[in-house]
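Take a look at the structure set out below.
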Number of protein chains: 2
Amino acid sequence: MIQISFEISNEIHHLLLFCAHKLFNKKLAISITNTGKNFLNHISLDCVIFGFHEGELKVLSLFYESLKLHSLPGGFIGVNESLEEAAQVVLKERTGLDAIFLKQFQVFSDFERSKQNPLVEKITKSNTTINSDFFDQRFITVGFYALVEYTKVNPTPDFISDSCKWVSLNEKIDFILDHSKIINKALQSLREQLNSQPIGYNLLPDKFTMSELRVLYETILGKELDRRNFQRKIMSYNILNKLNERRKGGAHKSPFLFEFNLENYEKALNDGLQGGW
Amino acid sequence: MIQISFEISNEIHHLLLFCAHKLFNKKLAISITNTGKNFLNHISLDCVIFGFHEGELKVLSLFYESLKLHSLPGGFIGVNESLEEAAQVVLKERTGLDAIFLKQFQVFSDFERSKQNPLVEKITKSNTTINSDFFDQRFITVGFYALVEYTKVNPTPDFISDSCKWVSLNEKIDFILDHSKIINKALQSLREQLNSQPIGYNLLPDKFTMSELRVLYETILGKELDRRNFQRKIMSYNILNKLNERRKGGAHKSPFLFEFNLENYEKALNDGLQGGW
DNA sequence: GCAAAAGTGTTTCAGCTACACCCATGG
DNA sequence: CCATGGGTGTAGCTGAAACACTTTTGC
C-alpha cells in the first residue's frame with residue numbers, strides 16, 4: 001500500500017488523476033488535492049452482458065450494498081490494448097469466460113452523464129483514499145454488449161462492488177448514472193441485430209430444443225412467435241443441425257435436439273441473413 | 001506566436017502534450033522534448049461526409065499536397081461538449097452547414113492504427129514546431145458518418161491541409177492511417193441503415209425526381225434496381241409527396257417532382273421501415 | 001385416457017419480381 | 001419520327017401468416 005499526498009497545480013493535478021486510475025486499478029491508494037477545473041476526457045467502457053435463463057433475458061450486474069444501487073461491469077483501456085481487448089478482459093474477470101460474442105454498439109459522451117456519480121462516495125469511503133475529483137470528470141464510455149451462456153458464467157464482483165449477480169430485464173432495477181439507458185440501447189441494438197445475424201449460438205447450451213431457441217427469440221423481441229413458422233424460417237437459414245437425440249424427462253412428447261452448424265453459422269455472421277432492397 | 005521549450009519528465013510531458021493539442025488548435029507553437037514513453041489515450045473523431053453528385057457517391061476529403069495523401073475531416077472533443085456536438089462543429093467548419101444528419105457508427109481503437117502517421121512529418125515541418133510525439137501516441141477515434149446535400153456544401157480546408165474537396169468512392173484514393181477502412185465501414189453502415197431508415201432527405205435537393213432518388217439508392221447499394229418496383233416500394237412508405245410540378249429542360253418526357261413528407265419521414269426515422277420476424 | 005407439447009403439412013394472401021404497354025419530349 | 005426516358009398496369013412466383021391434424025409423453 002502506497003500513500004502519496006501533495007499539493008499541485010491544475011495541470012499536473014489532472015495528469016496525476018489519470019495516473020491515479022491506473023494505480024487505482026492496482027489497488028494502490030492516492031490522495032490528490034485538486035486546485036483547478038477539469039481538463040481531460042477519460043475514456044472507459046461498459047459491458048451489457050446478456051444471459052438467458054428460465055425464459056428471461058438477464059443482465060450481469062454489480063451491486064453496491066451501501067448504495068443499494070447496481071452498475072454495469074466496466075473498465076478502462078490500457079495503453080497497449082484495443083477497446084475490444086479491454087472489454088474481453090472485463091468479461092473474463094466478471095464471468096470467467098473467454099472468447100465471448102462481443103459487440104460495441106454506441107459511445108455515450110453526454111457531458112452530464114457522469115455528474116453526481118454515487119460511486120464516488122462509496123469509493124472515497126473505501127479503504128483507498130482516492131479523491132473524488134477523478135470520478136467527477138466526464139467519462140466518455142464505449143458501450144459493448146455480450147452474449148453468454150447463463151450456466152457457464154461464474155459471476156465475480158470486482159473489488160469495489162459487494163456482489164455480482166444476474167438481474168432480469170423485467171425487474172425494476174436502479175442503476176447508477178446512465179446505465180439504465182445504456183442497457184436499453186443495448187437491447188435495442190440486439191433486436192436490430194436479430195434481423196440480420198443468427199443470434200442464439202452464444203446464449204444457449206450446445207444442444208437445445210427448437211422451443212428453447214424460439215422462447216429466446218420471443219424474449220429478446222418481447223412478443224410471441226408462431227411455433228411452426230419460426231421453425232420453418234430458422235431452418236431455412238441452414239444454420240442448425242437436427243440431431244438424432246431427444247430431450248427426455250420433461251412431460252409430454254420429447255422434442256428433438258438441435259445444435260448450431262458452426263460453418264454455416266460463421267458464414268451467416270459475415271454475410272447477414274436477409275435484407276430489403 | 002509563442003515559443004515554449006523545456007526539458008520535462010515523462011508524466012508532465014504527456015500532460016503538456018495534451019495541452020499542446022488545445023494550443024495547437026489555436027495555432028500556437030510548442031516544442032516539447034520527450035523523455036519517456038507514451039501513456040495517455042487520446043480520443044478523437046473522424047467524419048465520413050457523404051454527398052451525392054452526378055450519379056456518384058462522394059466523400060469530403062482533406063488533401064495534403066506535400067504528402068499527396070488524403071484525410072478525413074476530424075477533430076477533438078472539448079471539455080464541455082459531447083461527441084455529437086464536436087462532430088457538428090467539424091461538419092460546420094468543413095461544409096458550412098448546420099444540423100446535418102449525423103450518426104456515430106464505430107469506434108476505432110486498434111493499437112496500431114495511429115502508428116506511422118504521415119501527417120506528423122507534415123505538421124513538424126509546418127510553421128508550428130510541435131513535436132511529433134503527440135501524434136505518435138495512440139488515438140482512439142469515433143467514426144461518424146454524415147449525409148449532406150452536395151450543392152449546399154462549401155468545402156473548406158483546415159489550417160493543416162492544402163485543400164478540401166469531394167472524392168468519388170469509385171476513384172482509387174490514398175488516405176492516411178486507417179481512413180480507408182473507416183470509409184468502408186461507414187459505407188457498410190449506411191447500407192445497413194438503408195434497410196431500416198428512409199435515407200435520402202439529407203442527400204438530395206428539396207425537390208427531386210423519382211429517378212434521382214432511385215439512382216441514389218442504386219449508388220449506395222452498388223447495384224441496379226427496377227425502376228417501377230422501386231417507385232412502388234418507396235411510395236408505400238408514405239414518406240414522399242408527389243408534386244404537381246415537372247422537371248423541364250431535360251430530353252424526353254418531363255418527370256414529376258417529389259418532396260419528402262417531413263412528418264411521416266420523422267416518424268419513419270423513429271419507427272424504422274421494416275424488419276424481419 | 002387425457003392434457004399438453006411436439007412434429008408435419010396446407011391454405012391463403014401480400015408483396016416482390018419481372019415484365020408490357022403507352023406517353024411525352026428533344027433532336 | 002424516332003430514340004429515350006417516364007408513367008402505369010398486371011401476371012406469376014415466393015415467402016410469410018394462419019391454421020389443422022397427428023403423434024408422443026407423463027400423469
Side-chain angles (χ1 to χ4, degrees), chain A residues 54-55 191 194-196 198 200 204-205 207-219 221-259 268 271-277, chain B residues 54-55 191 194-196 198 200 204-205 207-219 221-259 268 271-277:
Chain A
E54 292 177 346
R191 282 180 179 163
L194 206 60
N195 284 324
S196 61
L204 290 174
K207 298 176 180 180
F208 51 87
T209 67
M210 190 54 76
S211 277
E212 287 162 358
L213 182 60
R214 177 176 46 83
V215 171
L216 169 63
Y217 270 68
E218 289 177 339
T219 306
L221 294 169
K223 65 177 179 186
E224 292 204 348
L225 300 171
D226 184 276
R227 177 174 69 89
R228 295 147 290 190
N229 294 333
F230 175 81
Q231 179 151 348
R232 210 190 337 267
K233 184 163 180 174
I234 203 89
M235 290 307 287
S236 73
Y237 293 147
N238 285 321
I239 54 171
L240 297 183
N241 293 334
K242 186 174 185 174
L243 302 174
N244 266 329
E245 284 179 73
R246 289 163 179 267
R247 160 109 357 124
K248 294 284 182 184
H252 322 304
K253 184 169 180 174
S254 51
F256 282 103
L257 290 174
F258 293 82
E259 67 179 9
D271 302 347
L273 287 180
Q274 59 186 341
W277 301 113
Chain B
E54 291 176 348
R191 282 180 179 162
L194 207 59
N195 284 325
S196 60
L204 291 174
K207 297 176 181 181
F208 50 89
T209 67
M210 190 54 75
S211 277
E212 286 163 357
L213 182 60
R214 177 176 47 82
V215 171
L216 169 63
Y217 270 68
E218 289 178 339
T219 305
L221 294 168
K223 66 177 178 186
E224 292 205 347
L225 300 172
D226 185 276
R227 178 174 65 91
R228 296 146 290 192
N229 295 333
F230 175 82
Q231 179 151 348
R232 213 191 334 268
K233 184 163 180 174
I234 203 88
M235 290 307 287
S236 74
Y237 293 147
N238 285 322
I239 54 171
L240 297 182
N241 293 334
K242 186 174 183 175
L243 302 174
N244 265 330
E245 284 178 73
R246 288 163 179 268
R247 159 107 1 121
K248 294 283 183 185
H252 322 305
K253 183 169 179 176
S254 50
F256 281 104
L257 290 174
F258 293 82
E259 66 180 8
D271 302 347
L273 287 181
Q274 58 187 342
W277 303 112

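Numbered from 1 within each chain, the chains take letters A, B, ... in sequence-line order. These numbers come from the heavy atoms of this one structure, side chains and all, not from hydrogens, waters or symmetry mates.
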Query raised in the report: Does C:dG15 have OP1 or OP2 sitting under 4.0 Å from an N or O in the side chain of B:K233?
Result: no
Report task. Sort and list the pairs that fulfil salt bridge (Lys or Arg N to Asp or Glu O under 4.0 Å) and have at least one residue in residues 234-246 of chain A, not counting sequence neighbours. Result -> A:K207-A:E245
Query - Side-chain heavy atoms of B:F208 within contact of B:L216, under 4.5 Å - result: no
Query raised in the report: Taking the side chain of A:S211 as its heavy atoms from C-beta onward, which of D:dA20, C:dA6, C:dA20 lies nearest to it?
Result: C:dA6
Query raised in the report: Quick one: CD on B:E218 to CD on B:E224, what's the gap to the nearest 0.5 Å?
Result: 5.5 Å
Query raised in the report: Between atom OH of B:Y217 and atom NZ of B:K233, what is the distance when rounded to the nearest 0.5 Å?
Result: 9.5 Å
Report summary line: So CG of A:L204 and CD of A:E212: to nearest 0.5 Å the spacing works out to 7.0 Å
Report task. Round to a whole Å and report the spacing from CG of A:L213 to C1' of C:dA6. Result -> 15 Å
Query raised in the report: Per the atom types in the model, does the base of D:dT10 pair as donor or acceptor with the side chain of B:R232 at under 3.5 Å?
Result: yes
Query raised in the report: For the pair made of CG in A:L225 and C1' in D:dC19, what is the distance, rounded to whole Å?
Result: 16 Å
Query raised in the report: In degrees, rounded to 10°, what is the bend between the two ends of the helix from C:dG1-D:dC27 to C:dG27-D:dC1, using five pairs at each?
Result: 0°
Query raised in the report: Please give, in whole Å, the distance from D:dA16 P to A:I234 CD1?
Result: 12 Å
Requested in this report: Measure from CE on B:M235 to P on C:dC16 and round the result to the nearest Å.
Outcome: 15 Å
Query raised in the report: What integer distance in Å separates A:F230:CZ from D:dA18:C1'?
Result: 17 Å
Query raised in the report: So, is B:S254 close to the C:dA24 phosphate, meaning a side-chain N or O under 4.0 Å from OP1 or OP2?
Result: no
Query raised in the report: In whole angstroms, how far is the C1' atom of D:dA16 from the CD atom of A:Q231?
Result: 16 Å
Query raised in the report: What's the closest nucleotide to the B:D226 side chain, out of D:dG6, C:dC19, D:dG7?
Result: C:dC19
**Report entry** Value in whole Å for how far the C1' atom of D:dT24 lies from NE2 of A:H252
**Finding:** 11 Å
**Report entry** Distance (rounded to the nearest 0.5 Å) between B:S254 OG and B:R247 CZ
**Finding:** 10.5 Å
Query - Heavy-atom donor-acceptor pair, A:N229 side-chain to D:dA18 base, under 3.5 Å - result: yes
Report task. May I ask you to evaluate whether A:K253 reaches the phosphate of C:dA4, defined as a side-chain N or O under 4.0 Å from OP1 or OP2? Result -> no
**Report entry** Any side-chain heavy-atom pair of A:M235 and A:M210 under 4.5 Å
**Finding:** yes
Query raised in the report: Any N or O donor-acceptor pair linking the side chain of B:R227 to the base of D:dG7 at under 3.5 Å?
Result: yes
Requested in this report: Could you please spell out the steps behind the side-chain contact (heavy atoms from CB on, under 4.5 Å) verdict for A:T209 and A:F256?
Outcome: CA-CA 6 Å; A:T209 67; A:F256 282 103; over 6 Å; no
Query raised in the report: Would you say the side chain of B:R228 and the base of C:dA20 hold a donor-acceptor pair, judged only by whether the two atoms sit under 3.5 Å apart?
Result: yes
Query raised in the report: Within this structure, what is the CZ-to-C1' distance between B:F256 and D:dT8, rounded to whole angstrom?
Result: 11 Å
Query raised in the report: Quick one: on DNA chain D, does A:R246 or A:S236 contact a more 5' nucleotide (nearest heavy atom)?
Result: A:S236
